[in-house]
Each structure stands twice: as C-alpha cells, then as structure tokens.
K.L.:
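If you scroll down you'll find the structure; I have some questions about it.
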There are 2 protein chains.
Amino acid sequence: MSPITSGRPAKPATILDVAAAAGVSRQTVTRAMNGMPGIKESTRERVQELARELGYTPSRFAKGLVQGSRTSVGLAIPDLTNPYFPAFASSVVELATRRGWQIVVDDYGHGGRSGLDAVDHLAPHVDAVIGYLGGYADQAQAALGRRPLIVLDEIPGGAAGSINFDYNQAAKLAVDHLRHTNRVRIAYLDACESRHPGLTPENQDPMVPSRVGGSGLCTVRGKAVADRLDQIRTPWSLITAEETAGAARVAAGALFQDRPETDGVLVFNDLMAAGVLKAAADAGLRVPEDCAVVGMDGIPLGELLTPELSTLALDLREVGRAAVELLDGLLAGAIAPGSDAARLTLEHRLVLRESA
Amino acid sequence: MSPITSGRPAKPATILDVAAAAGVSRQTVTRAMNGMPGIKESTRERVQELARELGYTPSRFAKGLVQGSRTSVGLAIPDLTNPYFPAFASSVVELATRRGWQIVVDDYGHGGRSGLDAVDHLAPHVDAVIGYLGGYADQAQAALGRRPLIVLDEIPGGAAGSINFDYNQAAKLAVDHLRHTNRVRIAYLDACESRHPGLTPENQDPMVPSRVGGSGLCTVRGKAVADRLDQIRTPWSLITAEETAGAARVAAGALFQDRPETDGVLVFNDLMAAGVLKAAADAGLRVPEDCAVVGMDGIPLGELLTPELSTLALDLREVGRAAVELLDGLLAGAIAPGSDAARLTLEHRLVLRESA
DNA sequence: GTTAGCTTCGTGAACGTTCACGTTCGTAGA
DNA sequence: TCTACGAACGTGAACGTTCACGAAGCTAAC
C-alpha cells in the first residue's frame, strides 16, 4: 500500500493528524520533522514513519508565515526559444539556487502577453523580480511596490536596479571592424515588433538612411549602430524583420537580391544572424569573402554555425551574475534602490570567428 | 518621495497598518484590495492609495494559508544550456501559466547536483514536480510524499506519472533509413556520464560490439540503437563523449581518423550531432555524400546548421503539453497515480533534411 | 411610525506552523 | 529526604489573511 495509491485525496494531513496518530503534541512532531534537539530518538523515528504513512507535507504557507519570507525571485523572460535567454536564465538559476533562493519563471512570449503581464502574474508570489521586460520598468515597479525590480536592457525608470549594455561602444567595435576590413556597402538588420526597449518618440531619429522595405529603426541597438555608421559617413541600408531566424532569412534574402553590392551585414542578434548566414548561402554568397556577417549576443550557437559566427559577445553568465549580485545587495540593504550603484552597464566584446 | 526611496526597510506593512491608516477594519482593506463588492468606491480608492503609500504587499503565505494552495509546480531541468530543455520548458511554462500555475524552476546542471538534489530543493515550495531526473524517480517521489511527480525519459518507478519515448521505434526509423540509403559502416555516438536514464546492470549488454575508445554503451537510447543494428546484422562501432557539442566534435574527429570508412553516424542528440557535423567538416568529409549524420531530439537549432540536420524529432511542445495535461489530470483526481493512464509513451518521427 | 431591505462596514474564528515558554519525570548528589 | 538539574514533551500565542456572520445606517414603501 504505497502512500500514493492509498489515501483519500480529500484533505491533506496536517501536523495535528500526525501528532494524534503518534500520541504526541504538535511541537514534538515539529521537532521530529525538523531535526531539532530535545526529542528521544525512538520517538523521532516513530513520528517520521507515521508522517510518511499519512502523506504529511508541512504547509509551506504556514511555515512561511511564522518563519518569515524565504526569498523567492521572479524571472521574466520574453522567449525561452531564443538561446540567449536560457543561457542567461541558467546563470541566474545557478547563483540563486546557491543562495537558497527559488526562481519562479515566466516566459511571456506566448499568447500576446507583455512583460508587464509577466510581472503581474509573478507579483503575488515573489519577493523580487529580475527580467527583460521590454519597456515596462515603471509600471512593473509600481506593481511590485517596495519589492525590488531589476530590469535588463531597458531604461531603468523607477526600477530599483538595472543592467544595461553600452551599445555605442559595441556598435563602434563592429562597425569599425567592418570598415577596417574594407566593407563599404553595409546593411543593418534590425528587429521589428521587438520586445526589446523601444525608442521613445522624442529620441527616435526621423532621418534614418535609405531602407529596403520594412518599417524604421526601432531599437536602441539599431540607434547606436546607425549613429556610428553615420558618424564615419558610411553609406548603409536598413532592413527589419521579426526576431526569429526564419524571418531574418527571408528579409536578408530580399536584401541580397535587391542590393547585391552589400558586403557587410550587422544583425540585431545571433539568432537572426543565423538566418542571415542561411540567406547568404541561399543566394550563393560566400561568407565572409563576398559578404561579412556580424551578430550580437554571443550565444553558444554561434560556434556551431557554418561559417562560425563573428559576434558582439556578452558574457551571459556574467550578466546573470551581475543581476543576482545586484539583487542580493538590494535585498540586504547594501545598495540603495535607484541609486547609481544599482545601475550597471556591461560591455560587449568583439569575437571574431569566421563570418567576419 | 517614491515608495522605493522612502520606507524604513524594517517591517513590511500589514493589512492592519493599512486599516489603521485609513481608519477602517481589516475586512474593508481586503475588500478594497481584492476588488470585492460591498464597499463604497471612494473608500476603495482611499484605501488603495494608502496601501500604495505604505508599500503594502499582501503576504502570500497568509493568503495561501487561508485560501488553500494555489498550484505551484516544480520543474527540474538538467541543463538549460542544451536547447532541448528550454524548448520543453517553454511549452510547460506557457501551458502552466495559462492554467494560473506558477513554475518554480531548478537547473541542476551545475555544481555536481543531481536530479534528486533538485527535487529536494523544490519540494518545500511546490505542489508537484515535473522533471528530467536522470534516474531518481523512486527517491524523488518519496521526497514528495503524496504530491505527484512526473518523470520524463526515465523508468517510472514509484513516480505518479511518466512520459517516455519509444526508442526502439525511433532507432528502427533511423537505422533502417541509413541502411536503405546504403550506409554500411555505421557508428553510434552515445553520451557518457550522462544525466539521462542509465542502463541498470542487469539490462546492460556486455556483448556490445567493437568500439573506438571510450567506455561502453550507457543509455537506453544507445541500447535501442544497438539492438536494431544487431538485429539487421549491420557492422557498427560505438563511440562515446560527454553531452556537449565540443566533446562530440573531438570524439567524432577521432572516429573519422581511426575509421575513415564510416559512412553514417547516429548521434545521441542534436547538440552532439552539431559537433559531429563540425568534425566532418574538419576532416574534409562531405555530408551527406561521404557520411550521413542523424541526430535526435528535433531542436530548432538543427535547421540552422549547415548542412541542415536530419534528426529523429520529438515535438517538444507536444511533450510539454503531455506533461502538463498529465499533471492536470493527476491533480484533479481524474487520473490515478501510477496507473496505466499515467504512463505515456511518445514517438519520434524521422525528419530528413540535408545531413542524411 | 413601523418594517423591510439594501449598502456599508466590523468582529470572531480559522488556516497550519513555529517560538517561547512551562511542565513533568527521573536521576544524582548532598 | 530534599534539592538541583537535564531530558523529554506539552501549551498559549503569534504570524497575516480571508470567511462567515453580524451590526449599523439609510432609504423607501406602507
């Protein structure tokens, strides 16, 4: 008679049921279950055995209520399907687990949900949130009240903490490398309908250069790339696609057809760059001889592609570590919410493999 | 004075603090916060405003205690770095969220932790667990007591539910395809030190065929492949590697050097298959002309490789759906724990792209 | 003026656990 | 015999909510 097949599924057993069955008090059961001293060993064993038989599981709610909050952290992720995010999440989960925190995860990439929806869903169950929210920092922090929110890759707004990336530095690295290798017809493939931080109307640049179909520049990454390209007076074109490899492949295919003179492509992220590599192969272009391709993110996937992808790489484990340590400081009171110490900026480095 | 920068971080405000500040009772605050009827609209607004100012957040413990358990599901994952698992997790998270469940995730791939460690870590905080445990079904179910455990790709043991894959069918599909395309020197690359279900000593086959370095066959997938290869009397060799693309690349490199006659390679999973593709390119082999490569899993990555990877594909969203629906039935009492209805078997299909 | 009924709000109890004490019992030392 | 003390175990209170009631107060109908 296993504990699984026996019981009435009705009411779960409480500590009182175990106490009654063992003929002892609540407190003795507590002592037995939690390895506390002041209990005879034979009693402890008897109680534990009985608890097992009754299928007793201590209520996490009662326990939390009396012992004070264990730390539970929400993790809001736009899309687990993009390898960037699991790599980041993996690091966060590892370090959080090491601290004894639990991670409650929400992938809001389905069903038209937003980063704010994710935070709303997580809020009742967590003491803090870390997440790529795509532009809801203020509202999300409001939903969390005093509990710290750490936003990544987004204007911090009212968020307690933030981790950002220096896209100007990154864009300079990539653009200058393309120019130094004599690429003169450069294209930038931006993500559209992006969950990534948008440009606000006031800092959106109406003077974007010529483009090949699609809508305008819509990400801060794109803005940084555009700025750098303009700065060094290089002619360039803009294309956009949804943030998937497939969409990027189609868009880049059109680019290579419309503008065969293109000899360098900068791409919003590595996943889309993989699509561009495919499109180049489709078009019979040799990479990097005919056209260089540079991605962004530094996901492990890049090394497996053919040719291996050159990219503006982030150390994703480092990003996760920064987020967790920042949250740690915030929770411990060592870092003041919204202070400069709570605003981190990380840099990309240019990893040259085969594609550029 | 934002709510973030003001408060003493000492004691979080309770419902009584808000009630006192508003000059009303607990219950009125409850009504205001939870959108319940029977409260004047002006009172509701005043209370909500006050709650916001005080940084009041309802205690999830007190709430859970009185309202009964909201469903919180643990998700134990061996390695978020392998694209297989995020794809699966994404599906689970989506469907769980749709049901209003939360997902508490643990990636136990770091620091020498096991699937059992993951369950132990999750157990105090969840009502059920879904996971790839790598052989701890019995102990994990014991740790969970009456709460359902759903194990994937593992001998169910005492677990309430399980989802398995018909590797014999899958192996037949792949092996027969290789034979039909006249591959006569086939190699199988197995994962060693795997977190995947091991062969027990009694069903481990001591008569494995010749091998190229490494240890013996150690996964049920490998067993199925070996059985099918033996069944159709095809000479074959076995190699093993750690479950990463890099290790697979090295191992396959050695294979192509030692046994250049190899004209077909079956690989434990797609990630390792990506490494094999790299090794083939390193060795100057054309795929599939000189050597065919077939992976296993059907992760999206496969389509981005060059050549595109042929694979024994699982519909990973379907796997996630099966797990969530099975758990749903278990929690609702519609499916009996440990019953046949709680043991699902899914099948692979052979997706032929370019590599075979 | 009485009654009924609605709206608005308050109070005891309960959820299941742990904490901080108490109590009981037995044993050893004087 | 009395006292002291430790081991083993028990009891009231508290954690912060919501639920099920009950109590006001006001309005409207007769």
Side-chain angles (χ1 to χ4, degrees), chain A residues 7 10-51 54-72 123-127 145-147, chain B residues 7 10-51 54-72 123-127 145-147:
Chain A
K11 299 278 174 192
T14 78
I15 200 173
L16 290 178
D17 298 325
V18 179
V24 298
S25 73
R26 295 173 321 212
Q27 185 60 17
T28 298
V29 177
T30 293
R31 280 188 271 253
M33 301 299 291
N34 296 3
M36 303 167 87
I39 182 177
K40 210 180 344 179
E41 203 50 38
S42 63
T43 311
R44 161 166 292 150
E45 284 163 16
R46 190 164 48 90
V47 169
Q48 285 179 339
E49 168 63 17
L50 245 20
L54 293 175
Y56 166 65
T57 301
S59 155
R60 64 173 179 277
F61 299 117
K63 215 161 186 162
L65 188 55
V66 64
Q67 288 185 327
S69 167
R70 338 200 131 274
T71 310
S72 144
H125 312 288
V126 300
D127 304 307
R146 273 186 181 34
R147 293 168 291 174
Chain B
K11 298 278 175 190
T14 78
I15 200 173
L16 289 178
D17 298 325
V18 179
V24 298
S25 71
R26 296 172 320 214
Q27 185 61 18
T28 297
V29 177
T30 294
R31 281 188 271 253
M33 301 301 291
N34 297 2
M36 303 166 87
I39 182 178
K40 212 186 334 183
E41 204 50 39
S42 63
T43 311
R44 160 165 294 149
E45 283 162 16
R46 190 164 48 91
V47 169
Q48 285 180 339
E49 169 63 17
L50 245 20
L54 293 175
Y56 166 65
T57 302
S59 155
R60 63 173 180 276
F61 299 117
K63 214 160 187 164
L65 189 56
V66 64
Q67 288 184 327
S69 164
R70 336 200 133 274
T71 308
S72 144
H125 312 287
V126 300
D127 304 307
R146 272 188 181 35
R147 293 168 291 173

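Protein chains get the first letters and strands the later ones, always in sequence-line order, with residue 1 at the start of each.
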K.L.:
Taking the side chain from Arg26(A) and the backbone from Ile15(A), do they hold a donor-acceptor pair closer than 3.5 Å?
P.N.:
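Side chain of Arg26(A) to backbone of Ile15(A), a donor-acceptor pair under 3.5 Å: no, none is there.
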
K.L.:
Across nucleotides 6-18 of chain C, 5' to 3', mark each nucleotide with B, S or - according to how protein heavy atoms within less than 4.0 Å reach it.
P.N.:
--SBBBBB-BBBB

K.L.:
Is the shortest heavy-atom distance from the side chain of Arg60(B) to the side chain of Asp127(A) under 4.5 Å?
P.N.:
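SC-SC contact between Arg60(B) and Asp127(A) confirmed.
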
K.L.:
If we ignore hydrogens and angles and just use 3.5 Å, is the side chain of Arg147(A) paired with the main-chain N or O of Ala123(A) as donor and acceptor?
P.N.:
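Yes: the side chain of Arg147(A) pairs with the backbone of Ala123(A).
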
K.L.:
Look at Arg44(A) together with Glu41(A) and state whether they make a salt bridge at an N to O cut-off of under 4.0 Å.
P.N.:
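Salt bridge flag = yes for Glu41(A) with Arg44(A).
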
K.L.:
Nearest 0.5 angstrom please: His125(B) NE2 to Lys63(A) NZ, how far?
P.N.:
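So the gap between those two atoms works out to 9.0 Å.
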
